[in-house]
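None of these values were measured; they are calculated from a predicted model. Order of the sequence lines sets the chain letters (A, B, ...), proteins ahead of strands, with each chain counted from 1.
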Number of protein chains: 2
Amino acid sequence: MEDVAARAGVSRALVSIVFRDAPGASGATRERVRAAAAELGFSPDHRARLLGRSRTGLIGVSFGLRLTFHADLVEALYEVVRGSGYEVVLSGNGPGRTEEAALETLLGYRCEALVCLGPTLPVERLAALAAGHPLVVVAARGGAPGVSSVRADDAGGVRLAVEHLLSLGHRRIAHVDGGRAPGATDRRRAFRSASTRERPDGPWPVVPGGPTEVDGARAAPALLALLDRPGAPTAVQVFNDRCAAGLLHALRSAGCRVPEDLSVVGFDDDRLSSVPGVDLTTVRQEPAELASRAFEHAVGQLEGCPASPGDDVVEPSLVVRGTTSSPRGGATA
Amino acid sequence: MEDVAARAGVSRALVSIVFRDAPGASGATRERVRAAAAELGFSPDHRARLLGRSRTGLIGVSFGLRLTFHADLVEALYEVVRGSGYEVVLSGNGPGRTEEAALETLLGYRCEALVCLGPTLPVERLAALAAGHPLVVVAARGGAPGVSSVRADDAGGVRLAVEHLLSLGHRRIAHVDGGRAPGATDRRRAFRSASTRERPDGPWPVVPGGPTEVDGARAAPALLALLDRPGAPTAVQVFNDRCAAGLLHALRSAGCRVPEDLSVVGFDDDRLSSVPGVDLTTVRQEPAELASRAFEHAVGQLEGCPASPGDDVVEPSLVVRGTTSSPRGGATA
DNA sequence: TCGAGGTACTAGAGCGCTCTAGTCCGGAGT
DNA sequence: ACTCCGGACTAGAGCGCTCTAGTACCTCGA
């Protein structure tokens, strides 16, 4: 920087002004400084820049490396944040790197706000973090005081799926749940309440599942066993798309035709679900919408807006594809 | 830091020593400083720490947000780098954020070395980057002078797959290629040369594909058309697992049984391929191996080792699962 | 003619660390 | 007794920026 200043025949401060696009320099000088910088291959040091500034403008994002939906959210966050004066810092977690380690890194960077995608941290930890910084939880319930969260309306989404199946003529529906994954409880509960609403004489079955393809595949035998009995379900609503994809594979391998024998509805509208051949009917939660709300929450809290942190619920929408149809005397036979 | 020093009754320098785990402090003092820091909720500022130090120890990693295999590599990199004194900085790219933007960020952080996963940048750009920093390209050819690269042996992998199919008794094999994706050319070429070796009288067919599930699904009609003719292939080797998964779905939807009518082999051993129901036979490239070699290259160049940058080729291995079997008079009928 | 006010620019003090060059002190060697 | 050495600790100068408080100069209205 010193060198650039010397070459352009100005002071260091002027160089700083030019590179910050701050007012206080004439057009000609700007030109001269930029030229000198280009010749010397100078680009400002990001760390030093942040150090000197009182604020860092950094938004730390912790995400699950293995979760495709998180990747979508991260991408959306990059786009939302661009040009806002803030900046995204990524820290991934997964087996091999704990969420705690990921957050540690983010904190070390002096991020001003933290965005946690689908955190599995205990509520107390979240509350402790939120005490120091604005904390936005995405795609999961905040749960802790002072933590704001942005998530899809899980119950509403399940209701949407069930209504779709009912309107197709299905009267017996099963649910493959998400185990202890974020959102699983809400979805299971919504399914159960739909069950008592539509079928007051007896509950619809819930099969244990989980958030991944493997969980879905593992749930297949239990589900297939249900189909052999009279009064068997003709449709299934699955916790999420990845689980549904695993289930779908396993069902088809077992000779069960979808949607002829069984209609399947997922949740998330994962990128994979629109692939021809998968073509899964599902409930879509919009990553761009979740990302922009999360960013608004973070900035809102940062910029002294007293907007109460709290749960922000986004309405999902139904995407009808090829895995649902009206029941046609399928596997109950 | 000032406050911590005061509270512990020592100088700032001592606090620094303690937090760097540097020699020059007694056990008792260390204890006292740590306690004071804990009480004050102090944790060192990462940026300032790097600033003061002459080196940053930062390894910038640019990866594709949508690529599950990249996620695996990133995870492996985190593990390899941990405890080495270096640190990973992530920057994702995808539609909506160019690779150039991702690298820009990394450069701003003053990363000492750059690791680019499957870059699609022009060779000249890579060369220019490599002029300033050690640059390691992973899962693609380096191509430019001064750029080192770590990748699986694409040709060897294809050979492995073809030999497996031959040993099962297949004599006519097709290939769905990867279009312009990194590695696609090498794999296609290896397939063609296997073709001329085994079938000097006429080449095996190559169907255009691509790196994603959608590409695989799109390739299905062309492949199915081949199966109707006499002398049709009884097996197919697909560019990568995601493409194979899309293809698999589409084939099965069209009533083609795998592996009875057609054996399918992928490439990568994507996480999804081991899912029950997909259960894809494939060629595995070990992410941990690629990651650790990439790290070694980076550190090697960084620490003044004159080890010539160049292509480092890792041998892949065959993973036999459920999508291959011996041909049983399948779709040729 | 004088200053008021604005623009272009500079000096220099931080930001929160690390690191070099010390100082201080207690014990071993002679 | 003296020096000498090494471990524990400190002072203070950076690192590469930003930012506040200025200086110099120019223009304009009274």
Side-chain angles (χ1 to χ4, degrees), chain A residues 1-37 40-58 85-87 89 104-112 132-133, chain B residues 1-37 40-58 85-87 104-112 132:
Chain A
M1 183 161 175
E2 192 75 59
D3 304 342
V4 174
R7 187 170 193 120
V10 297
S11 68
R12 279 168 35 251
L14 226 278
V15 177
S16 169
I17 287 175
V18 171
F19 272 90
R20 276 178 296 138
D21 281 321
S26 65
T29 312
R30 277 181 207 282
E31 201 86 342
R32 206 145 34 83
V33 170
R34 293 228 176 256
L40 269 59
F42 165 88
S43 84
D45 185 324
H46 195 244
R47 299 159 304 148
R49 161 171 282 189
L50 295 184
L51 231 202
R53 199 148 44 184
S54 54
R55 298 187 45 186
T56 65
L58 257 29
Y86 287 91
E87 194 184 333
V89 181
E104 209 76 37
T105 305
L106 258 20
L107 258 23
Y109 275 103
R110 291 292 186 270
C111 291
E112 294 190 331
H133 321 256
Chain B
M1 183 160 175
E2 192 75 61
D3 303 341
V4 174
R7 186 169 194 121
V10 296
S11 68
R12 280 169 31 251
L14 225 280
V15 177
S16 168
I17 287 173
V18 171
F19 272 90
R20 278 179 294 139
D21 281 321
S26 66
T29 312
R30 277 180 206 282
E31 201 86 341
R32 209 145 31 83
V33 170
R34 293 226 176 257
L40 267 57
F42 165 88
S43 83
D45 185 323
H46 195 244
R47 298 159 304 147
R49 161 171 283 188
L50 295 184
L51 230 203
R53 203 150 40 186
S54 54
R55 298 188 44 187
T56 65
L58 256 29
Y86 287 91
E87 195 183 333
E104 209 75 35
T105 305
L106 258 20
L107 258 22
Y109 274 104
R110 291 294 186 266
C111 293
E112 295 191 330

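Chain B approaches DNA chain C over the interval C:dG16 to C:dC19, counting the first and last nucleotide 5' to 3' with an atom under 4.0 Å from its heavy atoms.
The nearest pair of heavy atoms linking B:Gly24 to B:Leu14 is O-CD2, 4.1 Å. Residues A:Leu40 and A:Val4 approach most closely at CD2-N, 3.8 Å, considering heavy atoms.
Without hydrogens or angle criteria, A:Arg32 side chain to A:Ala8 main chain gives a donor-acceptor distance under 3.5 Å.
For residues 3-13 of chain B, the set of pairs meeting the salt bridge (charged side-chain N to carboxylate O under 4.0 Å, His left out) definition, not counting sequence neighbours, comprises B:Arg7-B:Glu39.
Figure legend: cation-pi geometry between A:Arg34 and A:Phe19, with NZ or CZ positioned under 6.0 Å from the six-membered ring centre and within 45° of its axis.
Going from atom CG of B:Leu51 over to atom CZ of B:Arg110 covers 10.0 Å, rounded to the nearest 0.5 Å. Here B:Glu87 contributes atom CD and B:Leu50 contributes atom CG; the two are 6.5 Å apart, rounded to the nearest 0.5 Å.
Using a 4.0 Å heavy-atom distance criterion, A:Arg110 is classed as a sugar-phosphate-only contact.
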Test log, rule side-chain contact (heavy atoms from CB on, under 4.5 Å), inputs A:Phe42 and A:Val33: CA-CA 11 Å; A:Phe42 165 88; A:Val33 170; over 6 Å; no

Produce the list of close N/O pairs, under 3.5 Å, pairing protein atoms with atoms of nucleotides 5-10 of chain D; give distances to one decimal.
residue : atom : partner : partner atom : Å
D:dC9   : OP1  : B:Thr29 : OG1          : 2.8
D:dC9   : OP2  : B:Ser26 : N            : 3.0
D:dC9   : OP2  : B:Ser26 : OG           : 3.3
D:dC9   : OP2  : B:Thr29 : OG1          : 2.9
D:dT10  : OP1  : B:Ser11 : N            : 3.3
D:dT10  : OP2  : B:Ser11 : N            : 2.8
D:dT10  : OP2  : B:Ser11 : OG           : 2.7

